[in-house]
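Each ligand, and each atom within it, is numbered from 1 in the order the structure gives. Nothing here was measured: the structure is a model prediction, and the numbers come from that model.
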Amino acid sequence: MTSAGGERRGVGRVREVTSLANPLVKDIRALALKKHRDREHAFMAEGLKLVIDALDGGWTIRTLVYGKAGRGNAAVERAAARTVAAGATVLEVSQKVLAAITRRDNPQVVVGVFEQRYRPLEAIRPAGDALWVALDRVRDPGNLGTIIRTVDAGGASGVILVGECTDPYSLETVRASMGSIFAVPLARAGADAFLAWRAGAGVRLLGTHLAGAVDYRDLGASDGPLVLVMGNEQQGLPEPLAAACDRLVRIPQAGRADSLNLAVATGVMLYELRRDALPRTPEPAP
Ligand code: SAM
């Protein structure tokens, strides 16, 4: 029997939903708005592989949604069983509902709703050659997702969001992170709290600035934990943050561009700083 919300109890604890008016579907669609994500401490991630990686990584799932095309798929059914075992909800939905949830005409078959995670800044005590990336008021979701992905690929420790930043758990940022949202620790703090933390944590701040005095190729090996500080897309680093940095580094430019894109500049810096830590591709045999 189908209820007014277009819901039908399926096999086990899987619920079949076909109506956009269903309250569970409405709640998931509301996660498109930051105020709902903040209130629910939840976010959405698309794709079976991402969902499996997140479950493997111990992320708390609230709801697993899959389209009818996922029915009978062994991997989808295993993910559904793990979701039920975790006490969460599984929805089998129509294509129309899946497209509305993901806001895509061609949605992925599986979507997971997970609890957000932030690491408290005071719990972060970088040691050894740890490299964190601090982003000052990053505004663009694509930049943030790309940076999270690059931090993951470069083997850096995590990202500290300083000041009013775009939401790392928006659909756009999660998409741009390509799954790295589940691998990279995130912290957030106001600028004052960030600088107070730095004073106690014994880390050096390496700022990037268009007027930096040091060429990024002349940095040399780091002798302790480091935080790479990147400025806002429009305004760059504000004066107090720039003044607090131990060194200000510049990436040289030829041509007419006045600066590099924030995510590109972060990638250039990360790969320079992690050059010796990353495994080398073996040379091909002669
Ligand atoms: N108009 C801004 C300014 O005056 O700084 C441009 C900001 S840029 C798009 C965003 C951030 O990327 C900068 O704050 C800096 O952290 C980094 N960045 C971009 N190009 C850079 C370069 N050539 N050298 C050092 N940092 C750079």
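Of all atoms in ligand 1, listed by their number and element, those nearer than 4.0 Å to a heavy atom of His209 are 24 (N), 25 (C), 26 (N). Distances below 4.0 Å separate heavy atoms of Gly236 from the following atoms of ligand 1: 2 (C), 3 (C), 5 (O), 14 (O). Which parts of ligand 1 touch Leu210 is read off a 4.0 Å heavy-atom cut-off, strictly below it: atoms 3 (C), 4 (O), 5 (O), 20 (N), 21 (C), 22 (C), 23 (N), 27 (C). Remark: ligand 1 atoms within the under-4.0 Å shell around heavy atoms of Arg250 are 24 (N), 25 (C). Near Asn232, meaning under 4.0 Å from any of its heavy atoms, are these atoms of ligand 1: 7 (C), 10 (C). Here is the list of ligand 1 atoms found below 4.0 Å of a heavy atom in Ile251: 22 (C), 23 (N), 24 (N), 25 (C). Under a 4.0 Å criterion applied to the non-hydrogen atoms of Gln253, ligand 1 contributes the atoms 20 (N), 22 (C), 23 (N).
Between Thr173 and Phe43, the closest side-chain pair of non-hydrogen atoms is not below 4.5 Å. Inter-residue side-chain proximity for Leu98 and Val111 is flagged as met; some heavy-atom pair is nearer than 4.5 Å. Residues Ile61 and Val113 form no side-chain contact, since every pair of their non-hydrogen atoms from C-beta on lies 4.5 Å or further apart. Put simply, the side chain of Arg15 does not reach to within 4.5 Å of the side chain of Glu92, judged on heavy atoms. The closest side-chain heavy-atom distance from Leu206 to Asp246 is not below 4.5 Å. Between Leu270 and Val151, the closest side-chain pair of non-hydrogen atoms falls below 4.5 Å.
The protein atom (non-hydrogen) at minimum distance from atom 7 (C) of ligand 1 is Glu233 O, 3.4 Å. For atom 13 (C) of ligand 1, the nearest non-hydrogen atom of the protein is Gly231 N, 4.0 Å. For atom 18 (N) of ligand 1, the nearest non-hydrogen atom of the protein is Ala265 CB, 3.6 Å. Protein heavy atom closest to atom 16 (O) of ligand 1, with residue, atom name and distance, is Thr208 OG1, 2.6 Å.
A donor-acceptor contact shorter than 3.5 Å is absent between the side chain of Arg62 and the backbone of Thr89. In this structure a side-chain-to-backbone donor-acceptor pair under 3.5 Å is present from Trp59 to Phe182.
By the 3.5 Å distance cut-off applied to N or O atoms, Val229 is not counted among the residues near ligand 1. Residue contacts with ligand 1: Leu260 is placed with a nitrogen or oxygen under 3.5 Å of a nitrogen or oxygen of the ligand (distance criterion only). Of the polar atoms of Asp258, none of the N or O atoms is found under 3.5 Å from an N or O of ligand 1, judged by distance alone. Between Val249 and ligand 1, no N or O atom pair is found at a separation short of 3.5 Å.
Geometric assessment of Arg37 against the ring of Tyr169 yields a negative cation-pi assignment under the 6.0 Å and 45° thresholds.
Counting heavy atoms under 4.0 Å from ligand 1, residue Met230 touches it through both backbone and side chain. Counting heavy atoms under 4.0 Å from ligand 1, residue Gln234 touches it through the backbone alone.
Distances from atom 12 (O) of ligand 1 to the heavy atoms of Leu237, Leu262, Val268 show the closest one on Leu262.
In the hydrophobic cluster analysis, where Ile, Leu, Val, Met, Phe, Trp and Tyr join through side-chain heavy atoms closer than 4.5 angstrom, Val109 is grouped together with Val14. At a threshold of 4.5 Å between side-chain heavy atoms, the hydrophobic network of Ile, Leu, Val, Met, Phe, Trp and Tyr places Val227 and Leu262 in two separate groups.
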